[in-house]
A.B. asks: 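Encoded as structure tokens, here's the structure I'll be asking about.
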Amino acid sequence: MTSTKTFTMDELVALCKRRGFIYPASEIYGGINGFWDYGPLGTELKNNIRDAWWNDMVRCPPMGPDGDPISIVGLDSSIIQNPLVWEASGHVDGFNDPMVDCRESKSRYRADHLMVLGAVDASDRRLYAYLAGDDEGRDRAIKLLGKYEKNKPEDSDWTDQPLVSLPNQALDRIVGPNTKEPGTLTEPRQFNLMFKTFVGALQSEDTAAYLRPETAQGIFLNFNNVVDTMRVKVPFGIAQVGKAFRNEVTPRNYIFRSREFEQMEIEWFCHESDAARWFDFWCDTRRKWWESLGLTSDNVQMRRHDADELAHYAKEGCGTFDIEYRFPFTSPDFGELEGVAHRGNYDLSRHQEFSKKKLEYFDQPRNERYLPHVIEPSAGLSRGTLAILCEAFTPDEERASKVYMKFQPRVAPIKAAVFPLVNKDGLPEVAGKLYEQLRQRWPVQYDAKQSIGKRYARMDEAGCPWCFTVDSDTLTDQAVTVRDRDSLSQDRIAIDQVENWLAERLC
RNA sequence: GCGGGCGUAGCUCAAUGGUAGAGCGUCAGCCUUCCAAGCUGAAUGUUGACGGUUCGAGUCCGUUCGCCCGCUCCA
């Protein structure tokens with residue numbers, strides 16, 4: 001059954017602002033496109049998701065497909081690395097040059113390297129592109145022109161000119177260098193989405209560097225270090241959480257596509273012959289993990305990438321599965337939450353080639369030296385936070401707040417609240433003592449202001465699962481009322497058992 | 001990047017070119033014995049920013065920033 005709960009992103013955004021989850025970055029200066037700040041509750045929420053991931057993937061990873069323990073170690077690499085890293089990884093490809101892609105051949109060309117041959121002024125005629133300096137390509141273009149355009153005006157109508165000098169409308173009739181039909185070339189466009197900066201006070205091309213566009217490369221760079229120091233054996237994983245930066249053309253949909261975001265990535269190194277098995281394992285494991293944080297299965301789906309949307313590192317092998325969530329702005333469709341990709345040994349081989357350092361692993365049991373294959377579960381922490389916010393947002397006309405955030409206790413930013421029913425008669429003293437006790441272990445809030453209903457309502461919007469209320473009976477029976485956010489039920493429990501009661505429910 | 005829409009208090013929104021307001025929230029005091037109760041009071045705005053037209057601009061015009069929608073992009 002599909003979730004019928006409906007709300008708009010505007011309502012969610014307003015609540016996030018109102019209750020201190022997420023603010024626009026630089027708001028008092030008018031904001032800055034594609035950047036967001038996390039408020040006190042948003043920070044707690046995001047950290048909780050991050051910590052859950054770290055705990056469940058690094059410290060206590062699930063059993064492997066054979067029921068054996070698996071090994072994953074953590075890492076925290078630098079955001080700025082040697083610029084050569086991004087050349088090796090394929091991210092710098094064509095920096096500063098407008099690029100033209102061919103949808104048919106999947107080739108990418110520097111726009112200023114392409115020449116076009118044909119009758120440019122005749123709008124019904126085909127034009128043929130070839131790479132400047134490529135005589136064979138030019139001969140092919142001339143041959144094709146002669147073959148298909150021979151009944152048209154004489155050679156003198158043909159021109160030979162750079163592609164960049166033609167209007168974009170002409171692209172529809174240009175035949176790419178390795179294709180048969182026209183219209184497969186895209187408009188020339190700037191392709192680099194990396195943030196550029198300079199290392200040291202002197203700004204020149206020699207000192208240019210980039211903020212990492214993904215956290216993955218820092219892991220590959222340290223592959224040897226980890227193997228040499230941590231006594232790990234293939235198969236094993238290296239995990240990392242951190243910020244990444246992409247100069248997106250169009251940041252959109254709240255924090256779904258922002259220019260600064262956080263990733264939680266695992267690079268799982270294994271033998272090529274085991275890659276398919278591990279790929280299935282990680283797809284399954286990661287989907288279950290998201291569901292364990294409260295995303296309902298109706299709103300989560302797996303989608304295999306089509307061949308033509310695979311990234312440069314995933315052309316072969318098992319391909320890529322996206323774990324997708326049905327966000328309000330994509331519904332009824334889904335948006336990417338995590339990608340599980342088989343990267344082959346692309347990254348290690350590229351870094352081996354560019355760095356000229358051996359990155360091969362010697363496998364004692366197999367008596368074989370090889371570059372491990374990589375399965376990469378790459379999750380968006382920012383997107384995960386958004387998905388959990390969306391999932392938690394529960395309109396309820398019956399209650400005073402009209403909406404409550406149904407966070408799973410594990411990720412809830414505030415675990416509990418302590419209230420004196422009235423702000424007198426010795427109740428604040430008793431409640432304050434309980435509060436001081438609980439806050440030693442969890443983020444807990446104390447509130448004595450205004451009516452009890454108002455305080456419950458505030459906690460509903462903050463997504464606090466339980467409220468403990470001290471009343472006048474507490475003074476004699478040493479018990480408090482626990483109010484459950486979701487069921488609204490109220491139960492009486494002994495005040496000296498509150499900490500245990502919470503501990504049982506918070507793990 | 002292109003086209004369209006929109007920016008007024010923390011939030012949701014009013015205000016014929018003529019004194020910037022309401023509700024909710026927030027805060028303080030009183031009150032209050034379990035779900036935004038009541039009473040009293042308070043704070044909060046260079047109407048996103050800059051410039052122009054006008055005796056006078058939240059309102060009209062231009063620029064810019066930001067947000068939303070559709071393309072594009074997302075390697």
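What you see below is based on every heavy atom in this structure, not just the backbone, and it leaves out hydrogens, waters and symmetry mates. Naming: A, B, ... by sequence-line order, numbering from 1 per chain.
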A.B. asks: Would you say the side chain of A:R257 and the base of B:C73 hold a donor-acceptor pair, judged only by whether the two atoms sit under 3.5 Å apart?
C.D. replies: yes
A.B. asks: Nearest 0.5 Å please: distance from the OH atom of A:Y446 over to the CZ atom of A:F419.
C.D. replies: 10.5 Å
A.B. asks: Would you say A:N33 reaches B:C67's phosphate, i.e. side-chain N/O to OP1/OP2 under 4.0 Å?
C.D. replies: yes
A.B. asks: Take atom CE of A:M9 and atom C1' of B:C68, then tell me their distance rounded to the nearest Å.
C.D. replies: 11 Å
A.B. asks: When the ring centroid of A:F327 is compared with that of A:Y325, is the distance short of 6.0 Å?
C.D. replies: yes
A.B. asks: Paired stems touching RNA chain B, three or more consecutive Watson-Crick or G-U pairs with both distances under 3.5 Å?
C.D. replies: B:1-7 with B:65-71, B:10-13 with B:21-24, B:26-30 with B:38-42, B:48-52 with B:60-64
A.B. asks: Indicate for each nucleotide in nucleotides 25-44 of chain B, in 5' to 3' sequence, whether protein heavy atoms under 4.0 Å reach the base (B), only the sugar-phosphate (S), or nothing (-).
C.D. replies: SSSSS--BBBBBB-------
A.B. asks: Sequence neighbours left out, cut at 3.5 Å: what donor-acceptor pairs do the side chains of residues 491-498 of chain A make with other protein atoms?
C.D. replies:
from	atom 1	to	atom 2	distance (Å)
A:R492	NH1	A:D471	OD2	3.1
A:R492	NH1	A:T481	OG1	2.9
A:R492	NH2	A:D471	OD1	3.2
A:R492	NH2	A:D477	OD1	3.3
A:R492	NH2	A:D477	OD2	3.2
A:R492	NH2	A:A479	O	3.1
A:Q497	OE1	A:N500	ND2	3.4

A.B. asks: Atom CE of A:M264 and atom CD1 of A:I266: how far apart are they, to the nearest 0.5 Å?
C.D. replies: 9.0 Å
A.B. asks: For A:K449, what residues pass the salt bridge (Lys or Arg N to Asp or Glu O under 4.0 Å) criterion, not counting sequence neighbours?
C.D. replies: none
A.B. asks: Please name all residues satisfying side-chain hydrogen bond (donor to acceptor under 3.5 Å, both in side chains) with A:E272, sequence neighbours left out, ordered by chain then number.
C.D. replies: none
A.B. asks: Taking only N and O in the side chain of A:K17, is any of them less than 4.0 Å away from OP1 or OP2 of B:G10?
C.D. replies: no
A.B. asks: What's touching nucleotides 1-7 of chain B from the protein side, N or O pairs under 3.5 Å?
C.D. replies:
from	atom 1	to	atom 2	distance (Å)
B:G1	O6	A:T250	OG1	3.0

